[in-house]
Amino acid sequence: MSADLFDPVASDHSADQAPLRFDARAGLGQRLDRFLAGALADVSRTRIQRWIALAAVTVDGQAVLARHRLRGIETIEVWPMPTEAERSFEPDEIALSIIHEDADLMVIDKPVGLVAHPAPGHWRGTLMNGLLHARPDSATLPRAGIVHRLDKDTSGLLMVARSERAFERLSAAIAARTISRRYFAVTQGLPPERLTIDAPIGRDPRDRLRMAVVSPERGKVAITHVERLSAGDRVASIECRLETGRTHQIRVHLASIGHPLIGDTVYGGSPRGDFSRQALHAWRLELDHPVSGVRLQMASPVPADILGLLDALNLPVPVPPPASGSPLPKPAAKPTRGKR
């Protein structure tokens, strides 16, 4: 498994901020928080634990638990958080649309406008703060169990771990690309009926607040599979399947081929009438349950604002996804599951 396939913190930090890097050789067998408390003599262990909880500390690119035991061969990166970040790991009463929950896994249907987790400019009032209010026990997990992200103005399905074992296994499954995440989107122009965009993504060298397709040396592997669902007058509805999960991946990839999302003004898309957010919705999710191994299929209907956009563009409403939370039989050809 390559940690390079999971972006736990790519969009959380200042574009110009470089992390502190530590070689874990001197910490063989130690807890991560204890090792960093020794390496960062002027930072308290409690503060380090908060940074770990905010996923501002990674081990080989992965967000981990404070009690993670070091093997002595890892690279640790630390993004020191400002004082205001110290108050971000607090509960806020926020309505959550939960479509699946058990002892290990929660799936939330995130609305437009809700920030997934604290970051500069959004230290409170995020989904993470809502989870801390609704499920106080989630405070033991990095980001209250959020293992991937959706942009503020992207709606749809988002996975949350409810236990330490689930957090570790879901993070590993994302890195191993065994979770199917499909998005419904509306583009400018008519992309091909089917295509795969395989182009590395990194910070835009001309605008550090944006991402861009860059050279392999400067970016990370990014692969998006696209299928056109319907076509109209210089617009189309599409489904995108993520093979990797880079920051702004779908938005950047589609803009790179000349078909930005409608409403995505950051990447060249134009608003249509009252519709001004990127026309992107995470509508299908399929995964092996992180503990039971049962294959699960989740779905979220296309939201009302995108339905209104489709009507204005004379595009058909897509066939509704399968019912939320449906268990699926495990594929016959799938090999026996090993310990994650």
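Computed from heavy atoms alone, side chains included, the values below leave out hydrogens, waters and symmetry copies.
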How are the rings of H289 and H100 set to each other: parallel, tilted or perpendicular (split at 30° and 60°)?
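Perpendicular.
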Where is the tightest heavy-atom contact between [X] and [Y], given as atom of each residue plus distance?
X: S88; Y: P118; value: CB-CB, 3.8 Å
X: L261; Y: Q188; value: O-OE1, 4.4 Å
X: A161; Y: A166; value: CB-C, 3.8 Å
X: V213; Y: S256; value: CG2-CB, 3.7 Å

Is a donor on one side and an acceptor on the other found under 3.5 Å between the side chain of [X] and the backbone of [Y]?
X: R210; Y: V266; result: yes
X: N129; Y: P91; result: no
X: T58; Y: D60; result: no
X: D204; Y: R206; result: yes

Take L309 and L315 through the test side-chain contact (heavy atoms from CB on, under 4.5 Å) and record every step on the way to the result.
CA-CA 8 Å; L309 175 66; L315 290 173; over 6 Å; no
Would you be so kind as to tabulate the donor-acceptor pairs closer than 3.5 Å made by side chains of residues 30-40, with sequence neighbours excluded?
unit_1: R31; atom_1: NE; unit_2: D33; atom_2: OD1; d: 3.0
unit_1: R31; atom_1: NH2; unit_2: D33; atom_2: OD2; d: 2.9
unit_1: D33; atom_1: OD2; unit_2: R45; atom_2: NE; d: 3.3
unit_1: D33; atom_1: OD2; unit_2: R45; atom_2: NH2; d: 3.4
unit_1: D33; atom_1: OD2; unit_2: Q49; atom_2: NE2; d: 2.8

Shared hydrophobic cluster, L190 / F184 (ILVMFWY, side-chain heavy atoms < 4.5 Å)
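L190 and F184: separate clusters.
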Establish whether V115 and L158 are linked, either directly or via other cluster members, by ILVMFWY side-chain heavy-atom contacts under 4.5 Å.
no
Salt bridge (Lys or Arg N to Asp or Glu O under 4.0 Å) assessment of D23 paired with R25
CA-CA 6 Å; D23 188 313; R25 279 181 292 184; 3.2 Å; yes
Would you tell me whether Q278 and T154 have side-chain atoms, one donor and one acceptor, within less than 3.5 Å of each other?
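There is such a pair (donor and acceptor under 3.5 Å, judged by atom type) between the side chains of Q278 and T154.
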Would you tell me whether Q249 and T224 have side-chain atoms, one donor and one acceptor, within less than 3.5 Å of each other?
yes
Lys/Arg-Asp/Glu bridge criterion (N-O < 4.0 Å) met for R182, E286:
no
Taking NZ, NE, NH1 and NH2 as the nitrogens, is one of them in E101 or R162 under 4.0 Å from a carboxylate oxygen of the other?
yes
Gap separating the [atom1] atom of [X] from the [atom2] atom of [Y], nearest 0.5 angstrom:
X: F22; Y: E74; atom1: CZ; atom2: CD; answer: 14.0 Å
X: L96; Y: I108; atom1: CG; atom2: CD1; answer: 5.0 Å
X: M211; Y: H253; atom1: CE; atom2: NE2; answer: 10.5 Å

Evaluate side chain to side chain donor-acceptor pair (under 3.5 Å) for H281 paired with S155, printing each intermediate quantity in order.
CA-CA 5 Å; H281 177 65; S155 53; 2.7 Å; yes
Start with the C-alpha gap between R277 and D305, add the side-chain angles, then the distance that decides, and say whether salt bridge (Lys or Arg N to Asp or Glu O under 4.0 Å) holds.
CA-CA 10 Å; R277 61 115 164 176; D305 64 339; 2.9 Å; yes
Using the side-chain contact (heavy atoms from CB on, under 4.5 Å) rule, take L150 and Y183 through it: C-alpha gap first, then chi angles, then the decisive distance, then the call.
CA-CA 11 Å; L150 294 176; Y183 292 70; 3.4 Å; yes
Please test R181 against H148 for side-chain contact (heavy atoms from CB on, under 4.5 Å), starting from the C-alpha separation and ending with a verdict.
CA-CA 11 Å; R181 291 173 286 166; H148 68 124; 3.7 Å; yes
Sequence neighbours left out, what passes side chain to side chain donor-acceptor pair (under 3.5 Å) with R165? Give chain and number order.
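Once residues adjacent in sequence are excluded, the partners of R165 under the side chain to side chain donor-acceptor pair (under 3.5 Å) criterion are D104.
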side-chain contact (heavy atoms from CB on, under 4.5 Å) evaluation trace for L157 with W283
CA-CA 6 Å; L157 302 178; W283 75 332; over 6 Å; no
Enumerate, atom names and distances included, each donor-acceptor pair closer than 3.5 Å involving a side-chain atom of residues 191-199, sequence neighbours excluded.
unit_1: R194; atom_1: NH2; unit_2: E227; atom_2: OE2; d: 3.3
unit_1: T196; atom_1: OG1; unit_2: H225; atom_2: ND1; d: 2.8

